[in-house]
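Below: the structure, in structure tokens.
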Amino acid sequence: MALTLAALAAERPLGLRVRAAEAALDRAIGWVHPTELTDPQAFLEGGELLLTTGLALDETTSPAYIRRLVDAGVAGLGFGVGLSHESIPKSLVDTAEEVGLPVLEVPRKTPFIAITRAVSRAVAADEYASLVRTGKGQQELTRTAVGKGGPGGVVRKLAKLVDGWVLLLDSSGAVTEASPSARPFADELQDDFARLRAGTLVTVAGDYEVVLQTLDTRARGVLAVGTREPLDAAGQHIVNTAVSLLSLALEQNREHSGALRRLRSGLCDLLAAGQGELATRTMKSLWGGVPEAPWSVLAVAGPASARRSLADALDAEMAGERVFFGESGAFVLAFGDVERVARQASRIGGLHAGLSEPVSTVDFPAGLRQAKQAAEAAKAERSPLVRFAEHAGRGFLEIVDSQAAQAFSDSLLAPLRLHDETGRGELVASLTCWLEHHGHWDLASARLGVHRHTLRNRMRKVAELTGRDLDSPGVRAEFWLALQVSGG
């Protein structure tokens with residue numbers, strides 16, 4: 001901590017006496033400068049303890065002299081008595097008291113060099129303490145960065161070292177890492193974040209001075225550090241170290257994520273090429289498992305920037321046994337638990353998704369074609385999601401006479417509707433769901449919330465009432481078209 005005027009005055013061997021502005025003695029002394037100039041402003045930087053014997057000062061000139069020192073930002077004035085003045089001019093003391101500039105009376109027996117030495121020792125000790133603190137802080141941050149803490153650990157460690165709070169923001173201003181109690185400040189910083197393009201910006205949030213500093217990464221990121229007092233030199237060095245470590249860590253994470261993304265896309269290409277066994281074996285070895293087949297394949301189309309945003313958002317959510325995603329040309333692909341992928345895509349503007357019918361690993365190429373066709377249809381319709389079964393049904397119905405199609409639908413589905421109206425079951429809804437899931441009993445029964453045996457009994461009832469064999473692909477197609485005409 002820098003030497004204050006109060007601490008200097010308390011050093012008894014110097015014999016200093018406070019003559020004015022005792023309430024302001026908590027000011028830190030940056031350096032000592034002796035001068036007999038009546039206007040030394042051009043030679044001062046501010047924060048100095050100015051020493052003078054008042055050779056050119058008297059009761060008339062002293063008030064203006066004091067005001068010039070205040071304008072120069074000096075910390076205080078040491079006035080040596082016993083040479084040109086037996087005592088400090090009264091007008092000087094009165095003016096100093098009025099403007100709040102501390103004045104220390106220096107006795108004849110105390111040479112100015114003794115005061116300079118005292119301040120010099122304190123400055124050297126303060127610089128050494130700052131150097132030690134900086135080195136220790138840099139070591140602690142580095143150990144955290146190379147250990148298991150990662151960027152989050154560095155953020156939390158930095159907050160302790162500067163006795164404040166720290167936020168790590170991504171290119172959109174969203175919080176990616178935060179020290180305890182720091183997140184509430186994120187909203188207050190959004191306007192300042194938007195103004196910051198590169199470098200450093202100092203602002204205020206509540207009772208805290210906040211330093212916003214950009215990270216040296218290809219993906220724009222910002223570190224926000226809030227402290228109740230402005231950062232000293234050691235604090236600034238420690239923050240700079242954290243910025244360097246975070247920039248390196250995030251760039252390494254970016255490269256790692258990019259490599260994994262390219263690998264996932266390559267596995268999708270293998271599946272599309274009919275190499276399902278090789279692809280799934282590789283997935284299991286790298287991620288510990290694959291989503292359980294049959295798979296509904298989701299293809300998401302849209303601008304490249306929006307697709308990148310979706311891929312970035314999905315990176316943190318990938319659980320190999322539930323959902324898998326990759327990229328194929330102008331599409332982001334996913335299969336498995338695709339509902340959350342579709343929800344994520346819907347939150348990003350400009351994306352349109354297509355969903356295939358459930359397919360086996362072997363039939364993945366066909367599912368991929370269906371998903372891409374449905375995605376193109378969604379894009380044309382400006383819809384967030386189109387299912388291939390719906391898209392295919394609409395395509396065929398466009399070439400069929402609408403009145404004939406409606407008559408066919410009413411005739412085929414009439415027995416089922418009559419049955420449902422009696423309250424003895426939900427045959428129409430069950431048939432729709434079963435066909436949507438490509439005749440997969442477990443998936444359809446789970447979606448309906450009934451046991452698969454219950455669903456089998458309902459499908460047998462459908463066959464009995466309509467006289468149609470549901471094992472026939474043609475019959476299933478007729479039922480599907482009838483349901484599309486009737487609106488389900």
| Derivation of the side-chain contact (heavy atoms from CB on, under 4.5 Å) call for Arg369 and Phe388 | CA-CA 10 Å; Arg369 287 193 298 272; Phe388 177 77; over 6 Å; no

| note | Heavy-atom nearest pair, Leu141 first then Ile238, reads CD1-O, 3.6 Å

| said: Apply side-chain contact (heavy atoms from CB on, under 4.5 Å) to residues Leu168 and Val175 and explain how you reach the verdict. | reply: CA-CA 6 Å; Leu168 182 59; Val175 177; over 6 Å; no

| message | Has His352 got a side-chain atom pairing as donor or acceptor with Ala375's backbone, closer than 3.5 angstrom? | response | no

| said: Donor-acceptor pair, distance only, cut-off 3.5 Å: does the side chain of Glu48 make one with the backbone of Leu44? | reply: no

| message | Using side-chain heavy atoms (C-beta onward) and a distance below 4.5 Å, is Leu470 in contact with Phe479? | response | yes

| Are the aromatic rings of His438 and His440 close, with centres under 6.0 Å apart? | no

| query | With distance as the sole test, does Ser179 use its side chain to make a donor-acceptor pair with the main-chain N or O of Val155 at under 3.5 Å? | reply | no

| message | I want to check something: taking the side chain as every heavy atom from C-beta on, are Arg447 and Leu443 in contact at a cut-off of under 4.5 Å? | response | no

| query | What residues, two or more places apart in sequence or in another chain, satisfy ring-ring contact (aromatic ring centres under 6.0 Å, His included) together with Phe331? | reply | none

| When you measure from the side chain of Thr432 to the backbone N and O of Val428, does any donor-acceptor pair fall under 3.5 Å? | yes

| note | For Cys433 and Ala444 the tightest heavy-atom approach is SG-O, 3.6 Å

| request: Determine which pairs satisfy salt bridge (charged side-chain N to carboxylate O under 4.0 Å, His left out) with at least one residue from residues 468-479, sequence neighbours left out, and list them in order. | output: Arg468-Glu478

| Taking every non-hydrogen atom, the tightest pair across Cys268 and Leu333 | CB-CD1, 4.2 Å

| field | Residue list, salt bridge (charged side-chain N to carboxylate O under 4.0 Å, His left out) with Asp410, at least two apart or on another chain | value | Arg417

| message | To check you understand the geometry: which heavy-atom pair defines the closest contact between Leu413 and Ala482, and what is its length? | response | CD1-O, 3.8 Å

| field | ring pair (Phe, Tyr, Trp, His ring centres under 6.0 Å) contacts in which one or both residues fall within residues 138-162, not counting sequence neighbours | value | none

Show me the donor-acceptor pairs, under 3.5 Å and distance only, between side chains in residues 132-140 and residues at least two apart or in other chains.
from, atom 1, to, atom 2, distance (Å)
Arg133, NH1, Asp232, OD1, 3.0
Arg133, NH1, Asp232, OD2, 2.8
Thr134, OG1, Ser130, O, 2.8
Gln138, NE2, Thr241, OG1, 3.0

| task | Starting at CG of Leu427, measure out to CG of Asn457 and round the result to the nearest 0.5 Å. | result | 11.0 Å

| remark: One should read off an interatomic distance between Glu177 CD and Asp170 CG, to the nearest 0.5 angstrom, of 11.0 Å

| If we only count heavy atoms from C-beta on, is the Val210 to Phe185 side-chain gap below 4.5 Å? | no

| Going through the checks in order, is the side-chain contact (heavy atoms from CB on, under 4.5 Å) test met by Ile348 and Leu351? | CA-CA 7 Å; Ile348 300 174; Leu351 292 178; 3.8 Å; yes

| request: Mark yes or no for whether Ser346, through its side chain, and Arg343, through its backbone, hold a donor-acceptor pair below 3.5 Å. | output: yes

| field | Close side-chain approach of Val211 and Leu231, heavy atoms under 4.5 Å | value | yes

| request: Decide yes or no for Phe193 and Leu169: does some side-chain heavy atom of the first lie under 4.5 Å from some side-chain heavy atom of the second? | output: yes

| Backbone N/O of Glu357 and side chain of Gln370: donor-acceptor pair under 3.5 Å | yes

| query | Between His419 and Pro415, is there a donor-acceptor pair closer than 3.5 Å when you use the side chain of the first and the backbone of the second? | reply | no

Distance-only criterion, 3.5 Å: show the donor-acceptor pairs between side-chain atoms of residues 358-367 and protein atoms not counting sequence neighbours.
from, atom 1, to, atom 2, distance (Å)
Ser360, OG, Asp363, N, 3.3
Ser360, OG, Asp363, OD2, 3.2

| task | Could you pull out the closest heavy-atom pair between Asp442 and Ser445, with the gap in Å? | result | O-OG, 3.0 Å

| request: Mark yes when over 12 heavy atoms from residues, nucleotides or ligands other than Gln190 sit less than 6.0 Å from its CD; otherwise mark no. | output: yes

| query | Are side-chain N/O atoms of Asn240 and Gln213 paired as donor and acceptor at under 3.5 Å? | reply | yes

| query | Rounded to the nearest 0.5 Å, how far does CG of Asp420 lie from CZ of Arg458? | reply | 9.0 Å

| request: Give a yes or no on whether the backbone of Val154 and the side-chain of Thr144 come within a donor-acceptor separation of less than 3.5 Å. | output: no

| task | Report yes or no: does Thr4 contribute a side-chain atom to a donor-acceptor pair with the main-chain N or O of Ala7 at less than 3.5 Å? | result | yes

| query | What distance do Glu277 atom CD and Thr282 atom OG1 have between them, rounded to the nearest 0.5 Å? | reply | 10.0 Å

| task | Please assess Leu267 against Phe324 for the test side-chain contact (heavy atoms from CB on, under 4.5 Å), listing each intermediate value before the final yes or no. | result | CA-CA 10 Å; Leu267 292 172; Phe324 189 88; 3.8 Å; yes

| said: Is the shortest side-chain heavy-atom distance between Leu416 and Thr466 below 4.5 Å? | reply: yes

| query | Quick one: does Arg156's side chain get under 4.5 Å of Lys160's, heavy atoms only? | reply | no

| query | Among side-chain atoms of Thr203 and Asp192, is any donor-acceptor pair under 3.5 angstrom? | reply | yes

| message | Quick one, Trp434 and Val462 - any side-chain contact, counting heavy atoms below 4.5 Å? | response | no

| query | Between atom CG of Leu196 and atom CG of Asp191, what is the distance when rounded to the nearest 0.5 Å? | reply | 13.0 Å

| task | Measure the spacing between CG of Leu158 and CG of Leu223 and express it to the nearest 0.5 Å. | result | 6.0 Å

| query | Which heavy-atom pair separates Ser356 from Ala371 by the least distance, and what is that distance? | reply | CB-N, 3.9 Å

| field | Ion pair check, Glu464 and Lys461, cut-off under 4.0 Å | value | yes

| Is there a donor-acceptor pair closer than 3.5 Å between any side-chain N or O of Arg27 and the backbone N or O of Ala75? | yes

